[in-house]
Amino acid sequence: MNRFLDGWRGDPRIWRRGIVLAALAAVLALVMLLHSHIPNRVGNLGSLTETFLPWLGLFIPLLLLLALVRKSATALIAVLLPVIVWLNLFGGLLTDKTGSGGDLTVATHNVNADNPDPSGTAQDVAASGAEVLALEELKASAVPVYERALAPTYRYHSVEGTVGLWSKYPLSDVRSVDIKLGWTRAMRATVATPEGPVAVYVAHMPSVRVKMDSGFTAQQRDESADALGEAIAAEQLPRVILLGDLNGTMNDRSLNAVTSQMRSTQGAAGSGFGFSWPASFPMARIDQIMVKGIDPVSSWTLPRTGSDHLPVAARVKVVTSS
């Protein structure tokens, strides 16, 4: 340590070296702080940045290491800027906010149309103990397999297009939700829980792609998100749960029509980021459980199945203090 400090003491160049590193640290801090101002006009660059926003923090230890190697006090101080911004944005997710109690467990899973083991996947998610379970990307030929596998656990179910809802409690007012695709990838049902009726929406937003020639292609996803947001805003029941694969994170501004009126169970009552995709190395939470008029109690990811997504689950309190 003394040898290390000797290399810094009495050297006025520690303030002149590392100007470029200091500038890079400032740029990183600004990108994270002003991410909502990055324009989407060119390749949806703003939404792409927001999808993987937490991972920008990986540049911080790299900049810190380079500042130490460069022996630059200026760069070291500048690195504090992205540290502060990152902690302000995501520090709350590092703490365990899991509570106890609750009166309803829900789960959602994009099962993947090419899932090699639909029966095993169904049994795995049923073992979560969820009273209400949503499945997305249901292939027509696999629906009977899921129905047979889930029948012992769930008495009630309904499938609309490529999404389905299984419940231990009666379902009513089941209908598809038009998210401007031309085919059905969203539905709505009233679940008669012991604590009262709850409107449950299941949705699978259109996929997004990152292409060299066109960037982050998400226009259809964005239009569908707006349509889903309108449907939820028009919901007559005061207690609403949204389950599904939104192909976007809570940071993505293009999902504001939905996220602005609902709470993420992971953000409110989870531990960690709760990344759900890809299952082999989760990098983003695009599978969401959101609530309105309901209190989140806990939220977590479930073990990997035959899908390329991880299932996610949450425990909520239907009867709120308000």
Side-chain angles (χ1 to χ4, degrees), residues 104-154 156-169 171 177 179 184-189 191 200-208 228 241-250 258 264-266 270 272-291 296 298-316:
L104 182 69
T105 300
V106 297
T108 181
H109 190 25
N110 179 326
V111 296
N112 188 358
D114 298 321
N115 192 317
D117 183 20
S119 179
T121 294
Q123 293 170 10
D124 288 343
V125 291
S128 67
E131 287 96 5
V132 176
L133 169 65
L135 300 181
E136 303 87 46
E137 206 167 298
L138 291 169
K139 188 164 62 175
S141 60
V143 169
V145 179
Y146 287 104
E147 290 175 330
R148 286 193 298 270
L150 294 172
T153 306
Y154 300 97
Y156 309 94
H157 86 280
S158 179
V159 175
E160 298 282 336
T162 61
V163 298
L165 186 66
W166 277 259
S167 173
K168 295 182 180 180
Y169 306 125
L171 302 177
V177 175
I179 55 172
T184 301
R185 281 175 53 155
M187 63 178 291
R188 178 253 184 238
V191 179
V200 177
Y201 285 76
V202 183
H204 183 194
M205 294 292 102
S207 299
V208 296
L228 178 62
I241 298 176
L242 170 61
L243 307 167
D245 172 9
L246 301 192
N247 269 308
T249 68
M250 294 295 293
V258 176
S264 162
T265 58
Q266 184 67 26
F273 290 93
F275 294 147
S276 63
W277 177 88
S280 57
F281 188 83
M283 296 183 65
R285 185 181 177 88
I286 63 175
D287 301 276
Q288 306 289 355
I289 299 177
M290 294 188 228
V291 296
S298 58
S299 188
W300 63 96
T301 56
L302 297 169
R304 187 177 179 181
T305 68
S307 172
D308 57 342
H309 292 243
L310 294 179
V312 297
R315 182 79 173 163
V316 301

* Is there side-chain contact between Val111 and Val125, with at least one heavy-atom pair below 4.5 Å? -> no
* Side-chain heavy-atom pair Glu147, Trp166 within 4.5 angstrom cut-off -> yes
* To do: Dump the intermediate steps for side chain to side chain contact (heavy atoms under 4.5 Å, CB included) on Asp124 and Leu302, then the final yes or no.
  => CA-CA 9 Å; Asp124 288 343; Leu302 297 169; over 6 Å; no
* To do: Taking Thr265 for its side chain and Ile289 for its backbone only, find out whether a donor-acceptor pair lies under 3.5 Å.
  => yes
* **Considering all heavy atoms, the nearest Ala130-Tyr154 contact** => O-OH, 2.7 Å
* Structure fact -> Of all heavy-atom pairs linking Val316 and Pro296, the shortest is CG1-CA, 4.2 Å
* **Spatial distance of atom CD (Gln266) from atom OG (Ser276) [nearest 0.5 Å]** => 9.5 Å
* Asked: When rounded to the nearest 0.5 angstrom, what is the spacing between CG in Leu150 and OG in Ser167?
  -> 12.0 Å
* Mind checking whether Gln288 and Val258 have side chains closer than 4.5 Å, heavy atoms only? -> no
* Structure fact -> Shortest non-hydrogen pair, Pro311 vs Pro303, comes out as CD-O, 3.4 Å
* Asked: To the nearest 0.5 Å, what is the distance between CG (Leu165) and CZ (Arg188)?
  -> 11.0 Å
* Is it the case that Thr305 and His109 place a side-chain donor and acceptor less than 3.5 Å from each other? -> yes
* Do Val191 and Leu104 come within less than 4.5 Å of each other through their side chains, counting heavy atoms only? -> no
* Structure fact -> Minimal heavy-atom distance between Gly306 and Asn115, with the atoms involved, is C-ND2, 3.5 Å
* Interatomic distance, Leu246 atom CG to Arg285 atom CZ [nearest 0.5 angstrom] -> 10.0 Å
* Step-by-step side chain to side chain contact (heavy atoms under 4.5 Å, CB included) determination, Leu133 to Thr153 -> CA-CA 10 Å; Leu133 169 65; Thr153 306; over 6 Å; no
* Structure fact -> Between Pro144 and Ala140 the two heavy atoms that sit nearest each other are CD-O, 3.5 Å
* To do: From the options Thr249, Asp308, Asn247, select the one residue that forms a side chain to side chain contact (heavy atoms under 4.5 Å, CB included) with Trp277.
  => Asp308
* Please list all pairs passing the side chain to side chain donor-acceptor pair (under 3.5 Å) test where one or both residues lie in residues 129-139, with sequence neighbours left out. => Thr108-Glu136, Asn110-Glu137
* To do: Inspect the surroundings of CH2 in Trp300 and state if more than 12 heavy atoms from other residues, nucleotides or ligands are less than 6.0 Å away.
  => yes
* To do: Under the side chain to side chain donor-acceptor pair (under 3.5 Å) rule, what do Thr105 and Arg315 come out as? Steps first, then yes or no, please.
  => CA-CA 4 Å; Thr105 300; Arg315 182 79 173 163; 2.8 Å; yes
* **Note, Val163 side chain near Leu135 side chain (heavy atom, < 4.5 Å)** => no
* Matching residue for Met205 among Leu228, Asp245, Ile286 - test: side chain to side chain contact (heavy atoms under 4.5 Å, CB included) -> Leu228
* Asked: Would Met283 and Phe275 satisfy side chain to side chain contact (heavy atoms under 4.5 Å, CB included), going step by step from the backbone distance to the final call?
  -> CA-CA 6 Å; Met283 296 183 65; Phe275 294 147; 5.6 Å; no
* Asked: Looking only at heavy atoms, which two atoms of Ser158 and Leu171 are closest? And how far apart?
  -> N-CD1, 4.1 Å
* Asked: To the nearest 0.5 Å, what is the distance between CE (Met187) and OG1 (Thr162)?
  -> 11.0 Å
